[in-house]
Peer 1: 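Please find one structure pasted underneath; my questions will follow.
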Amino acid sequence: MSPLASTATARRVLLQLRNDPRTLGLLLVLPCVLLSLLAWVFHNAPGTFDRIGPVLLAVFPLTTMFVVTSVATLRERTSGTLERLLTLPIGKLDILVGYALAFGVVALVQTALISTIALGPLDLVVEGSALLVVVVALLAALVGNTFGLLLSAFAETEFQAVQFLPAFVLPQLLVCGLFVPRPLMPRPLELASDVLPMTYVVDAMQRAVATGGSQREYVDLAVVVGCVIAALALGAVTLRRRTP
């Protein structure tokens, strides 16, 4: 892998994003608006937002990053940009790491904005570590980023890329432990949740809010980081020059 090639790719993607205000609005503004709306919905239900808000602080960035990354990567392939890039002395992993770096920068800004709003004006109560809450939210955005890169290889149109969102996010949301504690679920569902990245994101976020810095939380974070790395590696294998 060439750091120079990856950095050049990241710079190009960031320049493209700078000239796309609608995408920036989806990435930076929409999660803040959704979280604020959620706090407003539960205004007359004390404690509910403090229970649900932290989890959605991770789910919203994961979801928006997944959609934008998958569509943007597919657009690079269908427009022929990716094919032109691969005629240069640059590897697939260099390109994917460049995309991940670019959207990682956006994820960092996104996480800073949504965390500032949640912990500030929305007055989200965190008994554990506010810093770990921010770290988990950032890793959740990176999960959406890297899995968006990976799954975009299996879409032929932008509409198909968007269709992966419910298939990727909704099943994980249902079995991650947000609605029912995982030990209370039927055993097959509990086993399925053990291999899904959102399970560890949600568990890490709940522990960061409640206690912060526990050994189990660091295990969750290590698993999430492993999922990010694995998604990048698999993305490099499945990346195609052009959609048939």
Side-chain angles (χ1 to χ4, degrees), residues 13-14 16-18 20-43 48-73 99-126 130-149 151-152 158 161-162 164-174 176 178-179 196-206 208-209 221 224 227-228 231:
V13 174
L14 286 173
Q16 290 177 340
L17 286 174
R18 188 182 65 179
D20 189 350
R22 286 177 295 184
T23 298
L24 288 178
L26 176 64
L27 288 171
L28 303 180
V29 179
L30 182 61
C32 299
V33 172
L34 291 176
L35 197 66
S36 301
L37 179 60
L38 183 71
W40 195 12
V41 167
F42 293 118
H43 178 70
T48 305
F49 178 68
D50 293 330
R51 179 174 62 87
I52 298 177
V55 175
L56 296 183
L57 183 63
V59 172
F60 287 159
L62 186 155
T63 303
T64 54
M65 290 300 298
F66 178 86
V67 172
V68 172
T69 305
S70 58
V71 171
T73 308
Y99 289 158
L101 286 174
F103 285 104
V105 171
V106 178
L108 183 61
V109 177
Q110 181 190 67
T111 302
L113 286 173
I114 196 172
S115 300
T116 299
I117 290 175
L119 299 174
L122 300 184
D123 199 24
L124 180 67
V125 176
V126 176
L131 177 60
L132 280 176
V133 167
V134 175
V135 170
V136 174
L138 176 60
L139 287 176
L142 292 177
V143 168
N145 175 3
T146 52
F147 276 87
L149 290 171
L151 294 180
S152 68
E158 293 181 11
V162 173
F164 280 125
L165 174 64
F168 175 74
V169 174
L170 293 184
Q172 295 191 67
L173 189 62
L174 293 175
C176 69
L178 174 61
F179 302 106
L196 299 175
M198 190 181 291
T199 298
Y200 299 94
V201 168
V202 169
D203 191 57
M205 182 62 81
Q206 290 174 334
V209 172
L221 293 178
V224 174
C227 289
V228 169

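What you see is a predicted model, and the numbers here were worked out from it, not measured in a lab.
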Peer 1: Measuring from atom CG of Asp50 to atom CG of Leu122, what distance do you get when rounded to the nearest 0.5 angstrom?
Peer 2: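 The CG atom of Leu122 is 10.5 Å from CG of Asp50, to the nearest 0.5 Å.
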Peer 1: Could you work out, with side-chain hydrogen bond (donor to acceptor under 3.5 Å, both in side chains) as the rule, every residue matching Asp20, not counting sequence neighbours?
Peer 2: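 If we apply the side-chain hydrogen bond (donor to acceptor under 3.5 Å, both in side chains) test to Asp20, skipping adjacent residues, the hits are Thr23.
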Peer 1: Can you confirm whether Val209 sits close enough to Arg51 that some side-chain heavy atom of one is under 4.5 Å from a side-chain heavy atom of the other?
Peer 2: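 No, too far: nothing below the 4.5 Å cut-off.
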Peer 1: Should Cys176 and Leu196 be marked as a side chain to side chain contact (heavy atoms under 4.5 Å, CB included) after you check the CA-CA gap, both sets of side-chain angles, and the distance that decides it?
Peer 2: CA-CA 8 Å; Cys176 69; Leu196 299 175; over 6 Å; no
Peer 1: Could you pull out every donor-acceptor pair under 3.5 Å between side chains of residues 132-148 and any protein atom, sequence neighbours left out?
Peer 2:
unit_1, atom_1, unit_2, atom_2, d
Asn145, ND2, Ala100, O, 3.2
Thr146, OG1, Leu142, O, 2.9
Thr146, OG1, Val143, O, 3.3

Peer 1: At their closest point, which heavy atom of Val67 faces which heavy atom of Ser70, and how far apart are they?
Peer 2: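 Scanning both residues, the minimum pair turns out to be O-OG, 3.0 Å.
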Peer 1: Taking only residues at least two apart or on different chains, which pairs with a member in residues 55-66 satisfy side chain to side chain donor-acceptor pair (under 3.5 Å)?
Peer 2: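 Every pair satisfying side chain to side chain donor-acceptor pair (under 3.5 Å) with a residue in residues 55-66: Thr64-Gln110.
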Peer 1: Just verifying a value: how many Å separate Ile114 CD1 and Leu30 CG, rounded to the nearest 0.5 Å?
Peer 2: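 So the CD1 of Ile114 and the CG of Leu30 are separated by 9.0 Å.
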Peer 1: Identify, with sequence neighbours excluded, every residue that meets side chain to side chain contact (heavy atoms under 4.5 Å, CB included) alongside Ala72.
Peer 2: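 Partners of Ala72 under the side chain to side chain contact (heavy atoms under 4.5 Å, CB included) test: Phe103.
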Peer 1: Working to the nearest 0.5 Å, report the span between CE of Met65 and CG of Leu26.
Peer 2: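 Going from CE on Met65 over to CG on Leu26, the span is 10.0 Å.
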Peer 1: May I have all residue pairs that pass ring pair (Phe, Tyr, Trp, His ring centres under 6.0 Å) and include part of residues 50-72, sequence neighbours excluded?
Peer 2: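 Ring pair (Phe, Tyr, Trp, His ring centres under 6.0 Å) check on residues 50-72 returns Phe66-Phe168.
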Peer 1: Within this structure, what is the CG-CD1 distance for the pair Leu57 and Ile52, rounded to the nearest 0.5 Å?
Peer 2: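 Here the rounded value is 13.5 Å.
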Peer 1: Under the side chain to side chain donor-acceptor pair (under 3.5 Å) definition, can you give me all pairs with a residue in residues 53-62, not counting sequence neighbours?
Peer 2: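 Non-adjacent pairs meeting side chain to side chain donor-acceptor pair (under 3.5 Å): zero.
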Peer 1: Which atom names give the shortest non-hydrogen contact between Val126 and Ala130, and what distance separates them?
Peer 2: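 Val126 and Ala130 have their closest heavy atoms at CG1-N, 4.0 Å.
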Peer 1: Just verifying a value: how many Å separate Cys32 SG and Leu113 CG, rounded to the nearest 0.5 Å?
Peer 2: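 The distance works out to 5.0 Å.
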Peer 1: Using every non-hydrogen atom in the two residues, find where Leu38 and Gly53 come nearest and quote the distance to one decimal.
Peer 2: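 That closest heavy-atom pairing would be CD2-CA, 4.3 Å.
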Peer 1: Going by heavy atoms in the side chains, are Leu101 and Leu14 under 4.5 Å from each other?
Peer 2: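 No, their side chains stay 4.5 Å or more apart.
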Peer 1: What closest approach, in Å, do Val55 and Met205 show between heavy atoms, and which atom pair accounts for it?
Peer 2: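 Heavy atoms of Val55 and Met205 come nearest at N-CG, 4.1 Å.
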Peer 1: What I'd like to find out is whether the side chain of Val201 reaches to under 4.5 Å of the side chain of Val59, using heavy atoms alone.
Peer 2: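 SC-SC contact between Val201 and Val59 ruled out.
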Peer 1: With rounding to the nearest 0.5 angstrom, report the CG to CG distance, Leu124 to Leu56.
Peer 2: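 It comes to 10.5 Å.
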